[in-house]
2 protein chains.
Amino acid sequence: MEFELTILGSASATPMLGRHHTAQVLTVGRELYLIDCGESTQERLIEQRIRFGRINRIFISHLHGDHFFGLFGLLGTLHLQGRHEPLHLYGPAGLDEIITTQLRCSGTPLGFDVEFTPVDTERHQLICEDAAVQVYTLPMRHRIPCCGYLFREQPRRRRLIRENLPAGLSPDQLQALTRGQDVHDEAGHVLVRHADATVAPPPPRTYAYCADTVFQENLAELVRGADLLYHEATFLHEMLERAQQTGHSTARQAGQLAHLAEVKQLLIGHFSSRYRDLQPLLTEAKREFDNTQLALEGLTVAV
Amino acid sequence: MEFELTILGSASATPMLGRHHTAQVLTVGRELYLIDCGESTQERLIEQRIRFGRINRIFISHLHGDHFFGLFGLLGTLHLQGRHEPLHLYGPAGLDEIITTQLRCSGTPLGFDVEFTPVDTERHQLICEDAAVQVYTLPMRHRIPCCGYLFREQPRRRRLIRENLPAGLSPDQLQALTRGQDVHDEAGHVLVRHADATVAPPPPRTYAYCADTVFQENLAELVRGADLLYHEATFLHEMLERAQQTGHSTARQAGQLAHLAEVKQLLIGHFSSRYRDLQPLLTEAKREFDNTQLALEGLTVAV
């Protein structure tokens with residue numbers, strides 16, 4: 001099953017020509033999850049030819065404008081496109097009030113429900129689950145309440161070993177084997193053991209999105225072994241003091257966290273506009289964790 | 001004195017790659033006025049190399065998102081740039097509540113005051129005046145309260161006729177003549193009459209911004225003789241019924257209004273995304289009023 005991340009924007013707050021505010025789309029099978037929604041995210045979606053209507057769940061990390069100012073335009077466009085299905089929105093408390101105020105003052109009710117779930121940004125807990133993924137919050141430490149999100153694929157089915165299968169099994173019986181059930185004959189005797197006829201699926205893949213935060217060593221436990229980790233890297237380590245003052249991390253720290261957590265891949269982003277050239281940030285992170293990439297706009301990474 | 005309009009965006013609500021929502025900058029001498037502020041206006045300002053700090057007054061026509069969703073990002077960036085001077089904001093009631101709610105919920109106070117003046121969208125009246133212009137509201141008829149804005153240059157000074165000036169006048173005396181005052185000698189006798197030594201200045205230039213509206217014949221009186229008229233032209237006239245249902249005008253109607261009002265130039269904009277090619281809209285408007293241009297992004301027109 002497809003499990004991939006597309007970067008729509010990875011600039012930090014000060015805007016810069018050609019770099020856009022944070023937004024990402026995670027594709028898991030046929031489901032699309034939008035993670036943060038900086039200004040003009042809808043334009044990035046059009047550029048990437050992603051159909052808006054496929055997005056059913058949106059996760060906002062925190063209420064700094066560079067992470068959610070694109071939400072209003074996107075909701076408006078979904079309305080104009082005739083959406084009726086509810087949209088599930090997750091984020092810190094207050095986001096619902098902002099949306100409600102805006103809709104009321106502009107006299108423009110949406111043609112669909114926004115089902116808002118406020119998240120507790122201090123806790124690591126399951127906040128939603130569908131056929132494709134489970135989503136957990138990841139507590140961040142920033143200037144205002146902020147949380148990341150961990151997406152864990154639902155367990156996949158066991159795989160059939162064709163040569164170990166007797167002839168004549170029905171589709172239902174094959175399905176049962178992939179679910180880890182044995183197949184019995186009419187008398188109730190075991191006909192095929194799932195352990196003989198199937199192998200265990202690969203472990204569920206995980207994507208961990210760590211939004212704006214200072215370096216937190218204890219985060220490593222929560223994202224341990226992730227297939228893909230996104231971690232902000234607003235500054236070079238020479239600006240550590242500024243990073244701490246503003247509630248951000250350095251590229252070296254992002255690399256350190258990836259190393260500590262033994263993840264498989266690291267993406268760094270949320271680059272300060274002071275860095276025209278992003279290569280030094282990449283070099284710094286790679287010194288700590290080699291399998292690192294820059295979260296450049298338009299990049300798609302398989303998880 | 002410079003008096004020119006730059007188009008930052010002229011798309012209607014449904015977004016489209018490469019066309020942005022409504023925003024314009026009017027430059028009068030050293031003053032910049034921002035008129036409407038669709039999503040990602042700050043990016044358009046950067047593209048046009050317009051310094052954000054020069055904007056002191058922002059005029060919002062109405063609270064449909066395609067006319068103001070860029071305001072929050074712009075305010076945030078002004079804050080990050082260290083602005084302290086107050087910013088004057090004009091628009092329909094409710095806009096202040098939207099901004100206040102957003103700032104409160106995101107825990108991010110701005111480092112400058114936003115001085116909001118609610119406008120009465122039903123009346124034509126003077127709402128602000130500075131050294132460069134007087135600004136009047138223009139009542140629009142749309143689905144929600146909406147107003148346009150008329151910018152009238154402050155009267156310019158009389159021009160000196162060098163050959164009619166006696167030698168030895170002081171700078172103050174020359175200034176007095178340009179203000180329409182006669183110059184007297186110490187005994188109080190008229191030394192130079194302003195009527196002899198100066199000519200009247202050209203009449204004040206005017207720019208009329210007509211935002212989302214159905215065709216209103218009575219608007220012609222309010223914008224009569226304008227040097228430049230912007231009028232929305234969302235649809236071709238074959239879609240008149242749809243225009244009326246949605247509170248919009250057709251290109252033909254925009255041309256008719258320019259003709260009725262005997263303006264000097266017409267700009268049409270707010271194009272529906274159904275028109276990939278805008279030429280038919282231009283052709284239709286020009287049939288009614290020849291001196292018409294499309295309000296294309298990046299276009300600058302002298303008023």
Side-chain angles (χ1 to χ4, degrees), chain A residues 11-21 38-49 52 60 62-81 91-108 142-146 246 273, chain B residues 11-21 38-49 52 60 62-81 91-108 142-146 246 273:
Chain A
S12 64
T14 304
M16 188 176 164
L17 204 57
R19 285 192 202 160
H20 297 96
H21 288 160
E39 188 173 353
S40 80
T41 289
Q42 58 174 333
E43 200 174 333
R44 308 281 85 66
L45 289 168
I46 298 173
E47 274 176 2
Q48 297 297 323
R49 298 168 179 274
F52 295 26
I60 300 295
H62 66 302
L63 299 186
H64 280 156
D66 55 322
H67 292 257
F68 81 102
F69 278 172
L71 192 56
F72 316 115
L74 180 61
L75 295 179
T77 299
L78 288 170
H79 168 70
L80 288 174
Q81 290 180 346
L95 184 54
D96 50 340
E97 187 185 342
I98 294 173
I99 293 172
T100 309
T101 304
Q102 202 150 96
L103 292 173
R104 178 170 45 77
C105 293
S106 67
T108 324
H142 192 44
R143 305 197 302 279
I144 60 170
C146 180
T246 55
S273 64
Chain B
S12 63
T14 303
M16 188 175 163
L17 203 57
R19 285 192 202 161
H20 297 95
H21 287 160
E39 188 172 354
S40 81
T41 290
Q42 57 175 334
E43 199 175 332
R44 307 282 84 68
L45 289 168
I46 297 172
E47 274 176 0
Q48 297 296 324
R49 298 170 179 276
F52 295 25
I60 301 295
H62 66 302
L63 299 186
H64 280 155
D66 55 322
H67 292 258
F68 81 102
F69 279 171
L71 192 56
F72 315 115
L74 180 62
L75 294 179
T77 299
L78 289 170
H79 169 70
L80 289 175
Q81 290 179 345
L95 183 54
D96 50 339
E97 188 185 343
I98 294 173
I99 293 172
T100 309
T101 304
Q102 201 150 93
L103 292 173
R104 178 171 46 76
C105 293
S106 67
T108 324
H142 191 44
R143 304 197 301 278
I144 60 171
C146 179
T246 56
S273 65

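Atom set for the values below is all heavy atoms of this structure, side chains included, hydrogens, waters and symmetry mates excluded.
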Without placing hydrogens or testing angles, list every side-chain donor-acceptor pair under 3.5 Å for residues 68-81 of chain A, not counting sequence neighbours.
residue : atom : partner  : partner atom : Å
A:Thr77 : OG1  : A:Gln42  : OE1          : 2.5
A:Thr77 : OG1  : A:Gly73  : O            : 3.0
A:His79 : ND1  : A:Gly111 : N            : 2.9

Legend entry - Residues in residues 92-100 of chain A that sit under 4.5 Å from chain B, counting heavy atoms only: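 Against chain B, the residues of residues 92-100 of chain A that fall inside the cut-off (heavy atoms, under 4.5 Å) are A:Gly94, A:Glu97, A:Ile98.
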
Legend entry - CZ-OG distance between A:Arg44 and B:Ser40, expressed to the nearest 0.5 angstrom: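 Going from the CZ atom of A:Arg44 to the OG atom of B:Ser40 covers 7.5 Å.
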
Inset, instruction - Supply the atom-to-atom distance A:Ser106 OG to B:Arg143 CZ, rounded to the nearest 0.5 angstrom. - result: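 Here the interatomic distance stands at 10.5 Å.
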
Legend entry - Check: B:Glu39 and A:Glu43 side chains under 4.5 Å, non-hydrogen atoms: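 The answer is no; the side chains never approach within 4.5 Å.
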
Legend entry - Closest-packed option against chain B by number of heavy-atom pairs under 4.5 Å, given A:Pro15, A:Ala13, A:Gly65: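 It is A:Pro15.
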
Legend entry - Top contributor to chain B interface from A:His21, A:Met16, A:Arg104 [non-hydrogen pairs under 4.5 Å]: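 Answer, by heavy-atom pair count under 4.5 Å with chain B: A:Arg104.
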
Inset, instruction - Measure distances from B:His20 to the heavy atoms of chain A and classify the residue's part below 4.5 Å as side chain, backbone, both or neither. - result: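 Answer is side chain: those atoms of B:His20 sit under 4.5 Å from chain A.
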
Legend entry - Partner residues of A:Thr41 under the side chain to side chain contact (heavy atoms under 4.5 Å, CB included) criterion, sequence neighbours left out: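 Partners of A:Thr41 by the side chain to side chain contact (heavy atoms under 4.5 Å, CB included) criterion, ordered by chain and then number, come out as A:Leu8, A:Ala23, A:Leu34, A:Cys37, A:Leu45.
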
Legend entry - Counterpart residues, side-chain hydrogen bond (donor to acceptor under 3.5 Å, both in side chains), relative to A:Thr101 (two or more places apart):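 Checked A:Thr101 against side-chain hydrogen bond (donor to acceptor under 3.5 Å, both in side chains); zero matches.
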
